[in-house]
Each structure stands twice: as structure tokens, then as C-alpha cells.
Enquirer: 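Have a look at this one before I ask anything.
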Amino acid sequence: MSDDPKIFMPSHPLPGDRSGVLSDFDPGTRTLPAGFRIAPPFRPLPVEVVLEKDVAVVLRDGVTIYVDVLRPAGAEPVPVIVAWSPYGKGQGTSASVQGVFGMVGLDDGIVSGLEKFEGPDPAYWCAQGYAICNPDIRGVVDGEGDSVLWDRQEGRDCYDLIEWLAVQEWCTGKVGMSGTSYLAVSQWFTAAEQPPHLAAINPWEGVSDVYRDLVLRGGMPDTGFARQLRDNSFFGRNRKEDVLAEAEHHPLVDELWEDKIPRFDRITTPAYVVASYSNTLHTAGTFRAWRRMASDDKWLRIHNSQEWPDYYDEDNREDLRRFFDHFLKGADNGWERTPRVRYAVLDLEGGDQVNLPAEQFPPADVVSTKYYLDGRTRALSTEAPASESAVEYDAESNPGSVSFLVRFDAETTLVGYPKARLRVEAKGSDDMDLFVLVQKLDAQGTPLQNFTVPNQGAQVHDVTEHGASILRYKGSDGRLRVSMRHLDEALSTDAVPAHSFDRVEKLAPGEAVDVEIDLLPIGLAFHPGEQLRFIISGRNLLGTMMPGIREYVPANTGRHVVHTGGEHASYLQLPVQAR
């Protein structure tokens, strides 16, 4: 009998809208001439490319997976970049991928269609002297075995693929990894296994803790996107992991969830990490991995848009090539002089600043500053109110929230990690689901927001009015179920509280407790007269992460009380950059 706590469900074959021109099983080697176009909307190949299709690779436990390798024609060995994900390796020309590009406002012609969804495009990289490996991983499409979701098993499997690739006659022995979202997450797990021939990684926004980022953020079973991920990927012949059933049967962090956290202290590979402030699925995980990974050679770039337009931007791709040229080809191109951190400051009024250099994040000139809540005036102030007061709201009715304001008299820039420390009490309940948001207001008090994608049409307005938060930035948010408030002392810092999520501590009638809530990292400029609004609510203020997924309904009843001032003053801690 297996002691594996994973729960599996049947999978089924790749559906029509997920199938592309190259999805059919068709082993063999063919040459694609320069100018070859896989289908009319897509970019032609600038160089001759050899396609080795459906090559069998046997993993250490005997499971066979199949990979496509696209490499420059010719006899000279080249390094290879791996795109590891459960999305079909021939899916780049599928209706589903074209639909995603249409949703965000990208033209299909910026890629060749030979790339994996969210992965590096062979049309560009082969022309630069690299091979691309697109695998169908364990349990996916024609691969044997049962698929798993963001797990150390994936790290071991990708280790085996990397070591197989490194000894192929066309390979120099240098292997890198690149890609966004799932393709980023798999890099944390793979690098932690320390495959000898993995020379560089490029995680471009991705979660780094399945419990805290995907299924139980803040201790709440918000599984809308997890359901979409489970049901609309991992297509194959056998079984796939049922992460929703696992969340139901394992509501606290245990061995199952620990296995879905990369061992950051074992990640020593050179890394170019890309993040944003605005991706409510990926932001927390990307910054967490950046902070904890052990690599001496690691770079962070924080952009001001959304991962797909950022990843396929020509300038950013050239920047990534300099990184890979340095670590995969040994090029003396000055990459090592690239600032360790390049960050953005959002303006939300058209004046964003990007690629600001720093040696760390937050930058060294940032000071964590407490802004105290005052329940009498509903103001935020750097001086704690001397007298105690409380403010409350009905958690089940409109508005179901309370807010506090501060107006900035001088230019003020916030860069770093906000957190809230609140003294709270529940009336009529033994628990609370709390949601918090830092919002920028103009001088007249109007909330400022910003689309993160090129598409700003009417339909995108509709789906982002309440929800699809990865497409429209409305501020830095956080959440916590109060019974899960216990802090992990080993991982918590003054700037970033980390919860253990391994115990439940319900509230007694009349009991007020202190809770710390981490908010997503922020880079936000306030001009004189503009305001910051801090909202505490019993409901999700941003709605869903993605369009069309089920919204989480908080388990709230009764009234929520926020205590301010006095001995247990509640405050919002903000990372204020010196002027």
C-alpha cells in the first residue's frame, strides 16, 4: 500500500481546442527550411531548423515521455533551453493559445507557433544559436505515468531530461530553462534538484508554494483557478492529480504541501528572475522564491505590465539572450555588470518608471514606516492615536468594509513589502476571513487603476470590473483567515510575515487578537495631494484572478471589529523611499 498522500482522478485525451498542427504523434526528424510558416497567422522561420519530433526519453523510474527538439541546422553543437509544463508541446498553434493572445491583445504574428504556450519561441532562439526542447511531461498527451501538479517529482523528471539532453551529439552540454507561469514554477523545482548540466534558469513569474499561492491563499480554500488548471490541462492517457480533492482532505500544511514547495536553499543555479507587482496569482510566489533562493548569481527585473506581453517583447528577449549568452555560451558580454535589481515604480497616470537600478529589493534607501489606523477619524498617521477606538462592519452586508486615508503633501514613493498588523475581534462568529487592499487615489479621491495588457477594449473592461485581476491593477492586496494567524518564526521577517498554516486557533467570544497580513510587493508613486486608501473587508475586493472562474465566497458571519490606538494599535506598514 502506498503512503503517497496524493489523490488522482482520470485524465482524458487532448481536446480539439487544445490541439495544434504538431499535436499528433509522429516520430521522426525533418528539416524546416528558412521561411517555413506553420500556419498563416504565425511568424516564418528566419533560419533552417531541424525538428526532431516525439523523441522518447526514459526517466529514472522507467516512465517514458516524449519531447520535440528544434535546433539550428548544421553540425556545430549548441546549448538547449527547456520549456517544462503540462501544456501539449504542439499546442502553440491551437485555438486556446490564439484565444489567450487575443484576450490580452497580442498579435499571433509575434511568434512562430512552434513554441510551447508561455515558452521560448524557436524561431528566435534557433536563429541565435540555441536549441529548444518542448517536452510532454509525465502523464501528459502520449507520456506514460500519472501527471502531478507543481511537485518535487517534476524536478526529478526534468533533471533526467536535462542530463539526457546534455549528452546528445548536437548539444554543447549546457542546458537552460525559460518560460512564464507553469514554466517558471517548474524551474524552481528542477534547479533545487541540482542537475549537473543545468547552467542557467529564467523563471518569468510563477507561484512558489502551491498551498499559499494557489489553493489556500491566506488559509482560505479559494480554488477557482486551481479548478481551471486541473480541468483544462494535464490531458493524457492515465490519471492526473486532483489538487481540489487534496485541498479538501488536507486543509493544513502537511507532507503533501511541503512536497510542493521547492527547496530554495538548494537553488544555486544562475538565475534571471522576472516579476511584477500586479499578478495576483504569481507576484507573491515570484518574490518569495527570489528572496529565498541561494544563488549567488541572481538578477531580478520587475516590469509594469503582464507576463505574456513582457516575455515576448523584443527588447526583453534581447536582454534575456545576453543572460543566456553569458552563462550558456561563455560570452564576455558584460552581463555580470547588469544591476542585480531593476525595478518599476507605477504611477497609474501614465508616468511609470521602469528599469530603475538597485543592488537589492527593496532598495537600500527604503524605510519601513508605520501608518497607524485611527477609528475615530478614519485616517492613517505616522503617530499612534493615544486613545483607543474601534470601528466595525457587518461582514454579510454592503459595504462590508472599513477604510482609512492619508493624503501625501510631498512626492512619496513606496517600493517594497507592505504589511498590516491589525487588532481584530469577531462578534457572532469564531473566525474571520479578512481581505485588505492598498489603493491609490488622485487628489479628488478617485481610485486610480491601470490595465496591464495591450487590450483595453469594452470586453476587457467588463471582465475586469470585478475580477480578472491579472489584467487590471487596482492596488496591493492581502488576505488572511484569522484562525490561521500563527506565524512561522523561522521564515517571518519584520517586512514579510509568513504564516505556518499548520494549526487552527478559533476566536473565543469577546476575544481580540493581533494578526499580521502580508500584502503583495508594491512600487507606487504618489504626487502632492494624492491619497492612499487602506481598506479592510470581509469580502474579496478584487474578485477572481482570471476571467470566467468561480469566485470564492468568504466564510463570514456577524460583525468584524478593528481596534485602533492605545496599547495594541493597528497599523499599516509601508516601504517609503527616501526623497
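Quick note: numbers below take in every heavy atom, side chains included, and nothing from hydrogens, waters or symmetry partners. Everything quoted here is computed from the prediction, not taken from an experiment.
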Enquirer: Check for me whether the distance between the ring centres of F361 and Y417 falls short of 6.0 Å.
Expert: yes

Enquirer: Do you see a donor-acceptor pair shorter than 3.5 Å between the side chains of E205 and S276?
Expert: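 Yes, S276 and E205 have a side-chain donor paired with an acceptor closer than 3.5 Å.
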
Enquirer: Testing N134, D68, D142 one by one against K89 for a side chain to side chain donor-acceptor pair (under 3.5 Å), which residue passes?
Expert: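 Checked N134, D68, D142 against K89; only one passes side chain to side chain donor-acceptor pair (under 3.5 Å): D68.
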
Enquirer: Would you kindly say whether N304 and D352 are connected by a side-chain donor-acceptor distance under 3.5 Å?
Expert: yes

Enquirer: Looking only at atom types and distance, does a side-chain atom of D213 sit under 3.5 Å from a main-chain N or O of D209, one as donor and one as acceptor?
Expert: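 Indeed, once roles are kept as given, a pair shorter than 3.5 Å links the two residues.
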
Enquirer: Rounded at 0.5 Å granularity, tell me how far CZ in R227 sits from CG in L229.
Expert: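 Between R227 CZ and L229 CG, I get 12.0 Å after rounding to 0.5 Å.
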
Enquirer: Once you round to the nearest 0.5 Å, how far does CZ of R472 lie from CZ of F451?
Expert: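 Between R472 CZ and F451 CZ, I get 4.0 Å after rounding to 0.5 Å.
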
Enquirer: Please determine if K174 forms a cation-pi arrangement with Y130, meaning its NZ or CZ atom is less than 6.0 Å from the six-membered ring centre and no more than 45° off the ring axis.
Expert: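 Not flagged: K174 not positioned over aromatic ring of Y130.
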
Enquirer: Do the ring planes of Y211 and F501 sit parallel (below 30°), tilted (30 to 60°) or perpendicular (above 60°)?
Expert: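 Ring orientation, 0 to 90° scale: tilted.
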
Enquirer: Are D61 and R138 ion-paired here, with the side-chain N under 4.0 Å from a carboxylate O?
Expert: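 Salt bridge flag = yes for R138 with D61.
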
Enquirer: Quick test of your reading of the model: are D518 and R288 salt-bridged, counting only N-O distances below 4.0 Å?
Expert: no

Enquirer: List in chain and number order the residues that pass side chain to side chain contact (heavy atoms under 4.5 Å, CB included) with A226, two or more places apart in sequence or in another chain; answer none if no residue qualifies.
Expert: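 Counting only residues at least two positions away or on another chain, A226 forms a side chain to side chain contact (heavy atoms under 4.5 Å, CB included) with L214, V215, T223, V243, L244.
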
Enquirer: Between V253 and E258, which heavy-atom pair has the shortest distance, and what is it?
Expert: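 It is CG1-OE2, 3.4 Å.
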
Enquirer: Please test Q91 against F235 for side chain to side chain contact (heavy atoms under 4.5 Å, CB included), starting from the C-alpha separation and ending with a verdict.
Expert: CA-CA 12 Å; Q91 202 172 318; F235 296 109; 5.9 Å; no

Enquirer: Donor-acceptor pair, R152 side chain versus A192 backbone, under 3.5 Å?
Expert: no

Enquirer: Does V21 offer a backbone N or O that forms a donor-acceptor pair with the side chain of T93 under 3.5 Å?
Expert: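 Looks like yes, one N/O pair under 3.5 Å.
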
Enquirer: Are Y272 and F327 close enough that their ring centers fall under 6.0 Å?
Expert: no

Enquirer: Between C158 and M177, does a side chain to side chain contact (heavy atoms under 4.5 Å, CB included) hold up when you go through it step by step?
Expert: CA-CA 10 Å; C158 194; M177 297 183 73; 3.6 Å; yes

Enquirer: Thinking salt bridges, do R237 and E144 make one under a 4.0 Å N-O criterion?
Expert: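 No.
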
Enquirer: Tell me whether E246 is salt-bridged to R230, with the criterion being a basic N under 4.0 Å from an acidic carboxylate O.
Expert: no

Enquirer: Which is it for L520 and Y277 under the side chain to side chain contact (heavy atoms under 4.5 Å, CB included) test, yes or no, and what are the steps along the way?
Expert: CA-CA 7 Å; L520 295 184; Y277 306 120; over 6 Å; no

Enquirer: Quick one: side chain to side chain donor-acceptor pair (under 3.5 Å) pairs with a partner in residues 110-121, sequence neighbours left out?
Expert: S85-K116, S112-D121, E118-W308

Enquirer: Does this structure show an ion pair linking R340 with D297, if we count only N-O contacts that are shorter than 4.0 Å?
Expert: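 Salt bridge flag = yes for D297 with R340.
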
Enquirer: Say whether, by atom type as modelled, one donor and one acceptor occur between the side chain of W188 and the main chain of A289 under 3.5 angstrom.
Expert: no

Enquirer: Under 6.0 Å between ring centres: does that hold for F323 and W335?
Expert: yes

Enquirer: Can you see whether D157 engages W84 through a side-chain donor-acceptor pair at a distance of less than 3.5 angstrom?
Expert: no

Enquirer: Kindly say whether M103 contributes a backbone atom to a donor-acceptor pair with the side chain of N455 at under 3.5 angstrom?
Expert: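 Yes, because the side chain of N455 sits within donor-acceptor range (under 3.5 Å) of the backbone of M103.
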
Enquirer: Could you tell me whether a side-chain N or O of T452 sits under 3.5 Å from a main-chain N or O of I470, the two making a donor and an acceptor?
Expert: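 Pair found, side chain donor or acceptor close to backbone of I470.
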
Enquirer: Closer than 4.0 angstrom, basic N to acidic O: yes or no for D26 and K53?
Expert: no

